[in-house]
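All remarks here apply to the structure that follows.
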Amino acid sequence: MNRTTGDVRILPYSRVVEQDDLKLALELNHVLPRIGGVLMAGARGTAKSTLVRAFALMAHAELPVTLPINATDDRVLGGWELDALIRGEARPQPGLLEEADEKGLLYIDEVNLLDDHLVNIILDVVSTGVLSVQREGLAAAKHISFGLVGTMNPEEGGLRPQLLDRFGLMVTTAQLDVGARHRMIRTVLDFEEELGKEHSDWLAAADRDDAANRSRLDTARRRVPETRVPDGIVRLCAEAAERVDAVGQRGEIVATLAARALAALEGADQVQPEHLLRVLPMALRHRRPESAHGGMFDWGPDDEARVKDLFDTV
């Protein structure tokens with residue numbers, strides 16, 4: 001696999017150190033795109049962009065379609081090809097969303113700085129699977145599907161509660177301890193060194209691990225329609241959402257979908273309580289009242305305590 005694209009060098013997905021929650025959220029959304037996208041929050045320099053690009057290379061064999069902050073409606077939705085219009089021809093030009101449909105993943109870096117209007121349109125397309133364009137003499141509707149990942153640094157501002165809620169899963173970057181920082185530095189140094197070699201056993205092993213990850217995800221995508229969700233799990237999810245005062249009902253629906261995707265990833269025939277417990281923070285942290293109105297996104301001991309007895313009794 002080509003690890004360089006222009007001047008960009010991409011660390012293999014299987015060699016990204018730690019950040020297990022971020023990896024799991026990306027994988028769940030890939031297995032079951034109806035989850036509705038992943039929002040990653042964390043300070044600058046915490047490998048958010050690296051991980052998204054590494055995941056895209058692993059899962060789709062190419063980099064994600066990246067949406068620039070200054071993107072226009074035409075660039076996102078599609079419009080008329082300018083050169084053709086100059087020649088008096090009306091020729092539609094596909095936008096970034098159609099390109100994402102072809103490549104599999106749309107990446108919005110610093111999504112909290114993007115115009116709310118565009119974020120809302122993109123989330124609508126992800127939710128409905130339909131790109132409908134009605135503007136400037138252009139009327140078209142097309143069924144499209146792609147994974148969506150947004151990243152943000154909360155220190156630079158947040159998203160409106162309505163937009164936060166539209167992202168299926170939300171995860172926060174983990175603070176690395178000394179041991180993890182050591183492994184991370186060593187990995188980056190080794191990667192840079194191995195890139196200069198004509199043949200690298202290190203990179204070959206990473207490619208094999210990435211191929212194994214891709215096969216695991218493909219298998220889970222095939223399994224997920226057959227993975228059962230018992231009614232007891234549905235009831236448990238509703239009770240957990242009520243305990244944390246989740247705003248609206250999207251959170252428990254997403255949590256159930258994510259638990260089903262996790263069960264498929266683990267090869268289980270049906271969703272178990274531990275699957276649901278694992279994904280609850282991802283599905284509900286940004287739908288609690290304090291988070292939806294500009295509070296912290298951490299899921300801490302107090303949140304765990306509010307649902308613990310539900311899972312202790314099953």
Side-chain angles (χ1 to χ4, degrees), residues 1 10 12-14 16 19-40 51-65 97-108 122-123 125-131 142-150 166-171 206-230 233-234 237 250-280 282-283:
M1 183 180 295
I10 308 299
Y13 178 73
S14 58
V16 176
Q19 305 302 351
D20 292 341
D21 281 354
L22 274 64
K23 293 176 183 176
L24 180 59
L26 289 172
E27 293 178 5
L28 296 177
N29 191 62
H30 179 81
V31 169
L32 192 50
R34 283 195 296 121
I35 285 171
V38 176
L39 178 62
M40 296 180 175
L51 185 56
V52 173
R53 293 181 177 117
F55 178 83
L57 277 177
M58 179 275 293
H60 303 289
E62 57 185 324
L63 290 174
V65 175
L97 298 188
E98 290 186 65
E99 186 179 342
D101 179 48
E102 295 175 1
K103 294 188 175 182
L105 188 65
L106 179 69
Y107 173 42
I108 310 176
I122 293 167
L123 291 168
V125 174
V126 171
S127 174
T128 64
V130 177
L131 172 61
K142 181 179 180 180
H143 288 278
I144 63 176
S145 176
F146 53 85
L148 173 66
V149 182
R166 298 292 297 278
F167 276 95
L169 302 177
M170 183 178 187
V171 284
D207 282 344
R208 289 193 296 271
D209 289 344
D210 274 4
N213 277 325
R214 183 165 58 252
S215 177
R216 179 174 59 91
L217 293 176
D218 290 344
T219 299
R221 290 188 82 160
R222 292 191 297 270
R223 286 182 57 91
V224 76
E226 303 170 1
T227 305
R228 296 187 298 109
V229 184
I233 294 294
V234 177
C237 186
R250 187 176 278 116
E252 48 260 52
I253 293 172
V254 170
T256 306
L257 293 174
R260 190 179 194 187
L262 179 57
L265 266 175
E266 295 185 351
D269 293 328
Q270 67 177 29
V271 177
Q272 299 293 337
E274 56 265 29
H275 297 133
L276 179 61
L277 183 61
R278 179 70 178 87
V279 303
L280 272 181
M282 302 179 185

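Just the heavy atoms: all of them, side chains too, but no hydrogens, waters or symmetry mates, feed the values below.
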R166 vs S127, side-chain contact (heavy atoms from CB on, under 4.5 Å): CA-CA, chis, key distance, verdict: CA-CA 8 Å; R166 298 292 297 278; S127 174; 4.1 Å; yes

Under 6.0 Å from the CZ atom of R34, do we count more than 12 heavy atoms belonging to anything else shown? no

Correct closest heavy-atom pair for L217 and F55 would be CD1-CE1, 4.0 Å

Hey, is the main chain of A268 close enough, under 3.5 Å, to the side chain of R223 for a donor-acceptor pair? yes

Rounded to the nearest 0.5 Å, the CE atom of M170 sits from the CG atom of D21 at a distance of 12.5 Å

Derivation and outcome, side-chain contact (heavy atoms from CB on, under 4.5 Å), residues L63 and I10: CA-CA 9 Å; L63 290 174; I10 308 299; 4.1 Å; yes

Taking it one step at a time, do K103 and E99 satisfy salt bridge (Lys or Arg N to Asp or Glu O under 4.0 Å)? CA-CA 6 Å; K103 294 188 175 182; E99 186 179 342; 3.3 Å; yes

How close do N29 and G36 get, heavy atom to heavy atom, and via which atoms? OD1-N, 3.6 Å

Using every non-hydrogen atom in the two residues, find where M58 and R214 come nearest and quote the distance to one decimal. O-NH1, 2.6 Å

Return the CD to OH distance between E27 and Y13, rounded to the nearest 0.5 Å. 3.5 Å

When you measure from the side chain of R260 to the backbone N and O of V224, does any donor-acceptor pair fall under 3.5 Å? yes

Would you indicate whether the side-chain heavy atoms of F146 and H60 approach each other to under 4.5 Å? no

Beyond-backbone contact of L148 with F167, side-chain heavy atoms, under 4.5 angstrom: yes

If we only count heavy atoms from C-beta on, is the S14 to N213 side-chain gap below 4.5 Å? yes

When you compare the side chains of R222 and T219, does any donor N or O come within less than 3.5 Å of an acceptor on the partner? yes

Correct closest heavy-atom pair for L262 and L28 would be N-CD2, 3.4 Å

Tell me, do L105 and V52 make a side-chain contact under 4.5 Å, heavy atoms counted? yes

Taking all non-hydrogen atoms of both residues, which atom of E252 and which atom of C237 are closest, and how far apart? O-SG, 3.3 Å

So do the side chains of L24 and M282 get within less than 4.5 Å of each other, counting heavy atoms only? yes

